[in-house]
Amino acid sequence: MATKQYWLMKSEPDAYSIEDLERDGREPWDGIRNYQARNFLRDTMAEGDLALFYHSNTKPPGAVGVMEVVSGPEPDALAFDENSKYYDPKTEADGETVWVQRQMKFVRKFARKVSLSELKEDPELEGMLVAKKGQRLSIQPVEEAHFRRVCELGDD
DNA sequence: GCCAACGTTGGC
DNA sequence: GCCAACGTTGGC
């Protein structure tokens with residue numbers, strides 16, 4: 001992969017927040033159970049790519065920091081865990097699962113959250129997927145210019 | 001807590 | 001392979 005790619009990855013802060021990642025330093029990004037998001041996670045992402053950490057289902061939702069992809073695709077451990085809400089009964093006992101995870105490393109927390117309403121209003125961010133109605137994908141590609149602009153707003 | 005938008009499942 | 005029913009996401 002010649003050039004770095006950029007992503008936006010959603011998490012509900014009650015489940016896992018940027019503060020949790022700052023504390024942990026590194027964390028498997030798991031529990032992805034949507035095929036389109038899985039395909040990005042498994043096939044398109046590359047080590048060294050940067051991602052916006054986005055807090056969803058909170059007031060207000062928005063981008064809160066940056067993290068880096070630091071592993072290749074790995075089998076999602078939660079798919080094997082019968083006690084997990086992400087357990088997949090179709091996952092095989094011999095270690096085969098269709099679900100993958102990536103190790104993500106904390107890079108930085110923004111000085112301030114860039115809210116969804118700001119993402120929608122900023123003319124430089126026009127066309128950003130997360131601002132589109134009905135866009136629920138929890139892992140989305142982000143254009144480099146958009147990524148830079150969100151960082152600029154957050155690092156104020 | 002509501003509900004629109006979507007994805008998945010399963011009967012036929 | 002269609003599509004209605006159901007489940008989930010996530011903004012509001």
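Lettering of chains follows the sequences in order, A, B, ..., and the numbering in each one begins at 1. Just so you know, these numbers come straight off a predicted model, no measurement behind them. Side chains are part of it too, since the values below use all heavy atoms of this structure and drop only hydrogens, waters and symmetry mates.
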- Message: Let's see if you can work this out: which of B:dA4, B:dT8, C:dG11 has an atom nearest to the side-chain heavy atoms of A:Tyr35?
- Response: B:dT8
- In whole angstrom, what separates A:Gln135's CD from B:dG7's P? 9 Å
- Nearest-Å distance for atom pair CD1/P, residues A:Ile139 and B:dG7: 15 Å
- CE on A:Met104 to CG on A:Asp24, rounded to 0.5 Å: 13.5 Å
- How would you label the contact of A:Lys85 with the nucleic acid (heavy atoms, under 4.0 Å): base, sugar-phosphate, or nothing? nothing
- In whole Å, what is the span from the CE atom of A:Met9 to the C1' atom of C:dT9? 17 Å
- Query: Does A:Arg136 make a side-chain donor-acceptor contact with the base of C:dT8, cut-off 3.5 Å?
  - Reply: yes
- Task: Could you pick out which residue, A:Gly134 or A:Lys90, lies toward the 5' side of DNA chain B when each is mapped onto its nearest nucleotide?
- Result: A:Gly134
- Is the distance between the ring centroids of A:Phe53 and A:Trp7 under 6.0 Å? no
- Using atom CG of A:Asn34 as one end and atom P of B:dG7 as the other, report the distance to the nearest whole Å. 7 Å
- Task: Using atom NZ of A:Lys120 as one end and atom C1' of C:dG10 as the other, report the distance to the nearest whole Å.
- Result: 11 Å
- Starting at atom NZ of A:Lys10, determine the distance to atom C1' of C:dT9, rounded to an integer number of angstrom. 8 Å
- In one Ile/Leu/Val/Met/Phe/Trp/Tyr side-chain cluster, 4.5 Å: A:Leu50, A:Phe40: no
- Separation of atom CG in A:Leu129 from atom C1' in C:dG10, rounded to whole Å: 16 Å
- Check for a donor-acceptor pair, side chain of A:Arg26 on one end and backbone N or O of A:Lys105 on the other, with a separation under 3.5 Å. no
- Using atom CD of A:Gln36 as one end and atom P of B:dA5 as the other, report the distance to the nearest whole Å. 18 Å
- Candidates C:dG10, C:dC12, B:dA4 - which lies nearest the side chain of A:Lys133: B:dA4
